[in-house]
Protein chains: 2
Amino acid sequence: MMNDLLLRALKGAPVERVPVWMMRQAGRYLPEYIALRNRYGFFERCQTPALACEITLQPVDIIGVDAAILFSDILVVPQAMGLEVQLIENKGPVLPDPIRNDKDLQRITVPDVQDRLHYVFDAIRLIKQELNGRVPLIGFAGAPWTLLCYMVQGKGSKTFDEAKAFCYTQPELAHRVLQMITDTTIGYLKEQIRAGADAVQLFDSWGGLLGPADFEHLSLQYMRQIVAAVKDEAPIVVFAKGAWHALGAMAATGAQGLGLDWCVPPEMARQLAGNKTTLQGNFDPAKLLSPIPVIQKEVKQMLHDFGRERYIANLGHGILPNVPVDHARAFVDTVKNYDFNKHD
Amino acid sequence: MMNDLLLRALKGAPVERVPVWMMRQAGRYLPEYIALRNRYGFFERCQTPALACEITLQPVDIIGVDAAILFSDILVVPQAMGLEVQLIENKGPVLPDPIRNDKDLQRITVPDVQDRLHYVFDAIRLIKQELNGRVPLIGFAGAPWTLLCYMVQGKGSKTFDEAKAFCYTQPELAHRVLQMITDTTIGYLKEQIRAGADAVQLFDSWGGLLGPADFEHLSLQYMRQIVAAVKDEAPIVVFAKGAWHALGAMAATGAQGLGLDWCVPPEMARQLAGNKTTLQGNFDPAKLLSPIPVIQKEVKQMLHDFGRERYIANLGHGILPNVPVDHARAFVDTVKNYDFNKHD
């Protein structure tokens, strides 16, 4: 591996500079991505290894990030479990037959991931070959709670109130679904690693909708199982947006990395996570809409506050579609050029 | 005042039991509200004192809450400042000509609130007369940051990225708009109090979209001005959803009350707020979709955790439209019947 900064940061090994990547870096702010999006449907892009590979590599070539992250979607797991998933551009996902009761559970299984998600592993093998050791490849999956949100609500939502009502009124069913997602996800991430993923990330995008007790019952206890099953095969980063109250508990899972949103002060995250966890984050994605000198100033402040060790620079959530490409590049370049010995 | 529990709780005076009300209690979960909504447009309901009064009183009569809150909308302030606001049922607000540049500022003013918002004060006088001392009346306004979000974005948004970009690229303009909103809001809340509001609440619904430093610059410094101008005329509650990192700073404004969302653990809130601030919240609104025995159990746990003194029971955000009326009533009744001396 020519550039293994990310893997060293996740191990707590010394690094000469902070590694940097951006959540959703292979996405809609890149004209090269838009060109492919206009020609191929979403699942066509995910399921065709050559396309997934091309999209995954775009930000490595164009922006110069220190890691590639597999182009895919968290909803390929509910799809593999048996649910229909539609991804309509600019409209968000729709699952036309969501899970609502006992009978609906008959429509989902813990699938053979080799069979149902082979295209992901094929894509990973191709990407690894094309990357040829330039930077590490990150695999990923959605956290069980976030996947349940979509599987029950059937679409995006500000509150995911139907998903929450399902858990509150039919807790036994909810836990069965969460365990099925967990089992599928463990197999899925292990196969991603076997195919060549150098690290993996677990995204709990809707973790912040749960109060502390519910987060433990409905999300963290399942993420804990996944971390335990995976962490000795490859480093794993856990990211639950908005679940600030559980940062200490997430660090205690043994995950090598802890993703942070932009509301978490660096010193607080370090205090809660201790020195055995690598912190990742947490630039406000909307701040990439600022003028470049403002981006540079604020990125330097972030680097100064997190420090060089056990830290991966990233955004606090996915990059927004309306960010100019040179602003994304300014973010990455500022991290790469920052000198910790000189307060610039 | 026959039932002044809320006002005593805000003063830190002894109470025989915890007062309870619900954000958005005069709203879409009530069939009696839906009946009026089907007959009158949104602004017709706001601007006709007899209608605003009838809607405000509905939850007092039907659910038995310990306070009425004025039926209105935070967007009457941008409207009074000169912007067109459309409120389309089930679609959210639209401001067709949002603020984007220097020239757009010529379209807004700090209005004479007596002239532009007289219907609110007329409604308050009528409500006070009809309440006839049964329970206190709460007035309210949106926090300047939250109002700027709508005034710039022009509609609801998950990220309010255009509003944030406006602040990051044109900070001087943004601060002029925020100060104009602040000045209008101070006049507006003072007139609400003069008309009879017994307490007021400031809603920063989108405060949680800002990182700690931005929250201070773009939200809290303006809320601080409002609290300072109002708090000696009537008790004021500050509620910034998601801004957990600023709870201590919000308590330090001198506001008599601090609203909490359901992610904040009660013991943490008490520690940050000290004993001079009354805490208000923080039941997960989606949990009102649980079976009634679950609601009762969880409400009791919340009461136990917050304790009787300097506490007002409420939800952690507005009540959802799909909550059954008897579930809302179970929430209120459980608070009213809880015995702190008996662990039931």
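Hydrogens, waters and symmetry mates are skipped; everything else that's a heavy atom, side chains included, is used. All of these numbers come straight from a predicted model, not from anything done at the bench.
At a 4.5 Å heavy-atom cutoff, A:Asp261 makes no contact with chain B through either its backbone or its side chain. For B:Asn282, no part sits under 4.5 Å from any heavy atom of chain A, backbone or side chain. Contact annotation for B:Leu210: only backbone heavy atoms (N, CA, C, O) come within less than 4.5 Å of a heavy atom of chain A. At a 4.5 Å heavy-atom cutoff, the contact between B:Thr169 and chain A is made by backbone and side-chain atoms alike. Heavy atoms of B:Asp214 lying under 4.5 Å from chain A belong exclusively to its side chain.
Of all the listed residues (A:Lys287, A:Glu298, A:Glu162), the one sharing the greatest number of non-hydrogen pairs under 4.5 Å with chain B is A:Lys287. The residue among B:Cys263, B:Ala286, B:Gly156 with the most heavy atom pairs within less than 4.5 Å of chain A is B:Cys263.
The CG atom of B:Asp284 sits 4.0 Å away from atom OH of A:Tyr168, with the distance rounded to the nearest 0.5 Å. Here B:Ser290 contributes atom OG and A:Gln170 contributes atom CD; the two are 12.0 Å apart, rounded to the nearest 0.5 Å. Atom-to-atom distance recorded for A:His317:NE2 and B:Thr159:OG1 is 10.0 Å, nearest 0.5 angstrom.
Other residues, nucleotides and ligands contribute over 12 non-hydrogen atoms within 6.0 Å of the NE2 atom of B:His327. For A:Arg270, the CZ atom is densely surrounded, since the number of other residues' heavy atoms within 6.0 Å is greater than 12. More than 12 heavy atoms of other residues, nucleotides or ligands sit less than 6.0 Å from atom CZ of A:Arg329.
What you find for A:Leu289 and B:Asp161 is that their closest heavy atoms are CD1-O, 3.7 Å. Of all heavy-atom pairs spanning B:Pro265 and A:Trp244, the tightest one is CD-CH2, 3.9 Å.
Side-chain atoms of A:Trp262 come within 3.5 Å of backbone atoms of B:Leu209 as a donor-acceptor pair (strictly under, hydrogens ignored).
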Checklist entry - Can you list the steps and then say if A:His245 with B:Val264 is a side chain to side chain contact (heavy atoms under 4.5 Å, CB included)? => result CA-CA 8 Å; A:His245 47 79; B:Val264 182; over 6 Å; no
